[in-house]
Amino acid sequence: MNPAQQVAGSALDAQLLELMLRVGSAWVLWLLLGLSLLAVAVMLERAWFYFRERRPQAAIDKALKLLDESGGTAAIAAIARERSMEAAVARACLTHAEAGAAAVEEHGAATVEAERLRYERGLAFLGTLGANAPFVGLFGTVLGIVRAFHDLAANTAAGAQAVMAGIAEALVATAVGLLVALPAVAAYNTFARHVETCAAAANGIGHAVLARLKRGS
């Protein structure tokens, strides 16, 4: 490396160091705080959504019974106002009953996938936050440590006490990152499991309707 390149590299290092010292690590804590509030909002919204969309087992059982006794029209009417994934799949299967078993099966599978997208809304954010919040906190810690050692170099009389105080303050960012990540991961796993359970139940109801239609034909 020639002298000109060395000078350019040193100037770039000095600019990067100046940028790190200027921005500090406080903004990382505010970022994590904002992300945590957004995560809590997503968790509450999804919890309320899943509560409203809980499976109407009694209505579905009544619809299957009416399908055997009175036909598809009465069965559809029994679950017309239900909002769950299972009810949506049952309605799709019953609505297309006259098109044949193959069409009913395809409409049921398509409805499950469409409902899955509605049920999984917001989960990608929780999963991404849970996976990356610790790294965001670690980045804040690195910025804080850089600032601590720079302060030590500028004031050697302060000794190790100044460095330790700065490092302790910097490590708060990592702790906050972990604190944000853990609830996000737990909520993501819980909600994702709930979605899979609902999808399995919806597929089961679709097969139950299909079996009755085949038996009736």
Side-chain angles (χ1 to χ4, degrees), residues 33-133 179-217:
L33 178 61
L35 291 174
S36 66
L37 293 177
L38 186 57
V40 170
V42 173
M43 293 176 198
L44 293 176
E45 187 275 333
R46 286 291 89 185
W48 175 243
F49 173 83
Y50 296 139
F51 176 78
R52 289 188 297 112
E53 299 278 328
R54 61 190 182 278
R55 178 169 52 184
Q57 188 62 50
I60 291 177
D61 291 340
K62 181 181 178 181
L64 293 177
K65 183 178 180 181
L66 289 173
L67 177 62
D68 293 331
E69 297 175 351
S70 305
T73 303
I76 293 175
I79 55 174
R81 297 184 178 181
E82 302 297 338
R83 305 175 56 175
S84 68
M85 182 189 298
E86 296 88 338
V89 172
R91 280 195 300 269
C93 293
L94 293 170
T95 302
H96 300 88
E98 296 181 356
V104 169
E105 187 173 3
E106 291 298 325
H107 281 288
T111 304
V112 169
E113 294 304 316
E115 290 292 305
R116 183 191 291 273
L117 293 176
R118 192 166 64 94
Y119 272 54
E120 290 179 344
R121 188 176 304 148
L123 298 191
F125 170 75
L126 293 179
T128 303
L129 180 61
N132 293 284
L179 188 63
V180 172
L182 292 176
V185 171
Y188 172 80
N189 290 334
T190 301
F191 292 153
R193 177 61 180 169
H194 179 74
V195 172
E196 292 301 323
T197 301
C198 290
N203 281 317
I205 290 172
H207 286 297
V209 172
L210 184 61
R212 283 169 168 79
L213 293 175
K214 288 181 178 180
R215 184 178 61 190
S217 62

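Keep in mind that what you see is a predicted model, and the values were worked out from it rather than measured. For the numbers below, each heavy atom of this structure counts, side chains included, while hydrogens, waters and symmetry mates do not.
- Counting all heavy atoms, side chain and backbone alike, Ser36 lies closest to Val180 at CB-CG2, 3.8 Å.
- Note that CZ of Arg54 is 10.5 Å distant from CZ of Arg83, once rounded to the nearest 0.5 Å.
- Atom CG of Leu210 and atom CD1 of Ile205 lie 13.5 Å apart (nearest 0.5 Å).
- Summarising the geometry of Gly122 relative to Val42, their closest heavy-atom pair is O-CG1, 3.7 Å, with the distance given to 0.1 Å.
- When every heavy atom of Ala75 is checked against every heavy atom of Ala63, the shortest pair comes out as CB-O, 3.2 Å.
- Taking the side chain as every heavy atom from C-beta outward, Met85 and Arg118 never approach each other to under 4.5 Å.
- Atom CZ of Arg52 has more than 12 neighbouring heavy atoms from other residues, nucleotides or ligands inside a 6.0 Å radius.
- Counting all heavy atoms, side chain and backbone alike, Ala87 lies closest to Ile60 at N-CD1, 4.2 Å.
- Between Phe49 and Tyr119, the ring center distance clears the sub-6.0 Å criterion.
- Residue pairs meeting the side chain to side chain donor-acceptor pair (under 3.5 Å) criterion with at least one partner in residues 186-200, sequence neighbours excluded, are Arg116-Glu196.
- The shortest distance between side-chain heavy atoms of Glu53 and Cys198 does not fall below 4.5 Å.
- Rounded to the nearest 0.5 Å, atoms CG (Leu129) and CG (Leu38) are 8.0 Å apart.
- A distance of 5.5 Å separates CZ in Arg55 from CD in Glu86, rounded to the nearest 0.5 Å.
- Between the NE2 atom in His207 and the SG atom in Cys93 there is a gap of 9.0 Å [rounded to 0.5 Å].
- Atom CD of Glu45 is separated from atom OH of Tyr50 by 8.5 Å, given to the nearest 0.5 angstrom.
- Looking at Thr111, Leu117, Val112 one by one, the single match for side-chain contact (heavy atoms from CB on, under 4.5 Å) with Glu115 turns out to be Thr111.
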Would Arg91 and Glu82 count as a side-chain contact (heavy atoms from CB on, under 4.5 Å) if you check the C-alpha gap in whole Å, the side-chain angles of each, and the deciding distance to 0.1 Å? CA-CA 10 Å; Arg91 280 195 300 269; Glu82 302 297 338; 4.2 Å; yes
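- Counting all heavy atoms, side chain and backbone alike, Leu126 lies closest to Ala187 at CD1-CB, 4.2 Å.
- When side chains are defined from C-beta on, Arg121 counts as touching Arg46, because their heavy atoms get closer than 4.5 Å.
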